[in-house]
Colleague: 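Sharing a structure here in structure tokens format.
Start at 1 with the first residue, then count along the sequence. Whatever order the structure lists them in is the order used to number ligands and atoms, beginning at 1.
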Amino acid sequence: MDKVIGFIGTGNMGAAIIKGLLDTGFASPGNIVASRRNQLALDKLKSESGIQTTSNNTLVASKADILFIAVKPNVYESIIEEVRTFIKADAVIVNIAAGKSIHFIEDTFQKPVKVARAMPNTPALVGEGMIGICFNEEMEKTEREYIVELFSSIGKVEVVAESLLDAVVGVSGSSPAILYMIIEAMADGAVKSGMPRQQAYTFAAQAMLGSAKMVLETGIHPGELKDQVCSPGGTTIEAVTKAEETGLRSSILAAVEAAVAKSVEMTKES
Ligand SMILES: NC(=O)c1ccc[n+]([C@@H]2O[C@H](COP(=O)([O-])OP(=O)(O)OC[C@H]3O[C@@H](n4cnc5c(N)ncnc54)[C@H](OP(=O)(O)O)[C@@H]3O)[C@@H](O)[C@H]2O)c1
């Protein structure tokens, strides 16, 4: 029998994962049950996706073989307290919150539980997420494989040590915001040179997408790819010089480091 996949919370991330599971056929609507408080939003989700919806979190917990807790980190504790006596004995709890360790989840459930801790990002909405994931000792090999396959429906998955999840927050969880800022800034540059804005976004975003694919698909070092584009005395080396003069690399490195530091701080507080 197919597993029942439950979601408590269906905001940006919960909804993105549900969409991926349905779009790829990993799960059928009848195998997904989801809750949130806003009834109008639940009705909309039900009519658009055909999944089962409810405002009753404990109902989701009691049905789910795989239980996603997809609420904001500050309500994690109260949600776990609400549902902890209702979960199935062998349910897998999927924790996607920034700053909530496996240890925190185990402690809050107050009993041995199977925990997968994942850090996805919002490009999951278009099937291009990047997901770092780790597991606790309770999770068996086949269960780990199932969860990796599940997340593969919304993007690329890498199993990492839990100690690396703060770095994952910086490099892929939070970084889409920085990348959107770069696209916006590149488009501003093109608009300044006379290109219509919508067209400028297309050029900038496709340039970023293509460059990312070059890194992933050729396996060539990004520095070498950069060198390949810089003709002596050409336009690109002018752009590279200006980017270096204005601190592009150090600015981005510092932004990623700041997100990592915040994630470390949030984990310590929980
Ligand atoms: N967004 C990202 O880029 C991103 C990336 C990686 C990880 N995450 C993690 O994903 C989690 C969710 O983030 P998000 O961006 O999806 O947040 P979000 O859009 O604010 O969604 C939160 C969801 O939780 C529901 N909720 C709140 N209180 C609830 C309750 N008591 N019972 C049931 N549902 C409740 C909300 O619906 P109602 O208000 O209707 O209850 C909403 O559907 C967070 O822990 C975050 O750290 C997010």
Colleague: If you measure every N or O of Y76 against every N or O of ligand 1, does any of those distances drop under 3.5 Å?
Modeller: no

Colleague: So if I count the atoms of ligand 1 from 1 in the order they appear, which ones are less than 4.0 Å from some heavy atom of N57?
Modeller: 32 (N), 33 (C)

Colleague: Within 45° of the ring axis of F104 and under 6.0 Å from its six-membered ring centre, is that where the NZ or CZ of K100 lies?
Modeller: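 The answer is yes, since K100 meets both limits relative to F104.
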
Colleague: Side chain or backbone, does N121 bring an N or O within less than 3.5 Å of an N or O on ligand 1?
Modeller: no

Colleague: For E128, does the CD atom have more than 12 heavy-atom neighbours from other residues, nucleotides or ligands under 6.0 Å away?
Modeller: no

Colleague: Just jot down the ligand 1 atoms closer than 4.0 angstrom to any heavy atom of A97, in number order.
Modeller: 45 (O), 47 (O)

Colleague: One thing to verify: whether K242 and E238 come together as a salt bridge, which I'm taking to mean a side-chain N less than 4.0 angstrom from a carboxylate O.
Modeller: no

Colleague: Which residue holds the protein heavy atom closest to atom 19 (O) of ligand 1, what is that atom called, and what is the gap in Å?
Modeller: N12 N, 2.9 Å

Colleague: State whether K88 and D65 are salt-bridged, where the test is any N-O pair (Lys NZ or Arg NE/NH1/NH2 against Asp/Glu carboxylate O) under 4.0 Å.
Modeller: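 Between D65 and K88 there is a salt bridge, with a charged N closer than 4.0 Å to a carboxylate O.
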
Colleague: What is the nearest protein non-hydrogen atom to atom 13 (O) of ligand 1, stated with its residue, atom name and distance?
Modeller: K72 NZ, 3.9 Å

Colleague: Consider only side-chain N and O atoms of Q52 and K63, and report whether a donor and an acceptor are under 3.5 Å apart.
Modeller: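 Indeed, the side chains of Q52 and K63 share at least one donor-acceptor pair under 3.5 Å.
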
Colleague: Could you tell me whether some N/O pair between M119 and ligand 1 is separated by less than 3.5 angstrom?
Modeller: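 In fact, backbone or side chain, M119 has no N or O that close.
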
Colleague: Which heavy atom of the protein is the closest neighbour of atom 16 (O) of ligand 1, given with residue, atom name and distance?
Modeller: M13 N, 2.8 Å

Colleague: Does K3 qualify as a cation-pi partner of Y146, given the criterion of NZ or CZ under 6.0 Å from the six-membered ring centre and within 45 degrees of its axis?
Modeller: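 Satisfied, under 6.0 Å and within 45°.
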
Colleague: Decide whether an N or O pair under 3.5 Å exists between I8 and ligand 1.
Modeller: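 No, since none of the N or O atoms of I8 sits under 3.5 Å from an N or O of ligand 1.
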
Colleague: Does E158, at its CD atom, have more than 12 non-hydrogen atoms belonging to other residues, nucleotides or ligands within less than 6.0 Å?
Modeller: no

Colleague: Can you tell me which residue and heavy atom of the protein come closest to atom 11 (C) of ligand 1, and the distance to 0.1 Å?
Modeller: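 That would be V71 O, 3.4 Å.
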
Colleague: Where's the contact between A70 and ligand 1, heavy-atom distance under 4.0 Å: side chain, backbone, both or neither?
Modeller: backbone

Colleague: Provide the number and element of each atom of ligand 1 under 4.0 Å from a heavy atom of A98.
Modeller: 47 (O)

Colleague: Considering non-hydrogen atoms of the protein only, which is the closest contact for atom 27 (C) of ligand 1, and what is the distance?
Modeller: R37 NH2, 3.4 Å

Colleague: Under 3.5 Å between some N or O of ligand 1 and some N or O of G11?
Modeller: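 Looking only at distances, the answer is yes, because the N/O contact criterion of under 3.5 Å is met.
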
Colleague: Could you tell me which atoms of ligand 1, counted from 1 in the order shown, lie closer than 4.0 angstrom to a heavy atom of P73?
Modeller: 44 (C), 45 (O), 47 (O)

Colleague: Less than 3.5 Å apart, any donor N or O on the side chain of N56 or T54 sitting next to an acceptor on the other?
Modeller: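 No - no donor-acceptor pair under 3.5 Å links their side chains.
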
Colleague: Give me the residue, atom name and distance of the protein heavy atom closest to atom 36 (C) of ligand 1.
Modeller: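 Result for atom 36 (C) of ligand 1: R36 NH2, 4.2 Å.
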
Colleague: Going by heavy-atom distance to atom 25 (C) of ligand 1, choose the closest among G99, G9, G173.
Modeller: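 Going through G99, G9, G173 one by one, G9 has the nearest heavy atom to atom 25 (C) of ligand 1.
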
Colleague: Does F151 form a ring-ring contact (aromatic ring centres under 6.0 Å, His included) with F68? I'd like the steps, not just the answer.
Modeller: CA-CA 12 Å; F151 274 108; F68 277 81; 5.6 Å; yes

Colleague: With a 4.5 Å heavy-atom cut-off, do M119 and S172 have their side chains touching?
Modeller: no

Colleague: Considering only non-hydrogen protein atoms, determine which one is nearest to atom 7 (C) of ligand 1 and report residue, atom name and distance to 0.1 Å.
Modeller: I96 O, 3.2 Å

Colleague: Please determine whether a side-chain nitrogen of the Lys or Arg among E265 and K262 lies less than 4.0 Å from a carboxylate oxygen of the Asp or Glu.
Modeller: yes

Colleague: Just to confirm my output: which protein heavy-atom neighbour is closest to atom 1 (N) of ligand 1, and how far is it?
Modeller: T122 CG2, 3.8 Å

Colleague: Polar contacts were defined as any N/O atom of the residue lying under 3.5 Å from an N/O atom of the ligand; does this apply to I79 and ligand 1?
Modeller: no

Colleague: Salt bridge between K141 and E145, side-chain N to carboxylate O under 4.0 Å?
Modeller: yes

Colleague: Counting from 1, what ligand 1 atoms have a heavy atom of P120 closer than 4.0 Å?
Modeller: 5 (C), 6 (C), 7 (C)

Colleague: For the NZ atom on K213, are there more than 12 heavy atoms of other groups (residues, nucleotides or ligands in this structure) within a distance under 6.0 Å?
Modeller: no

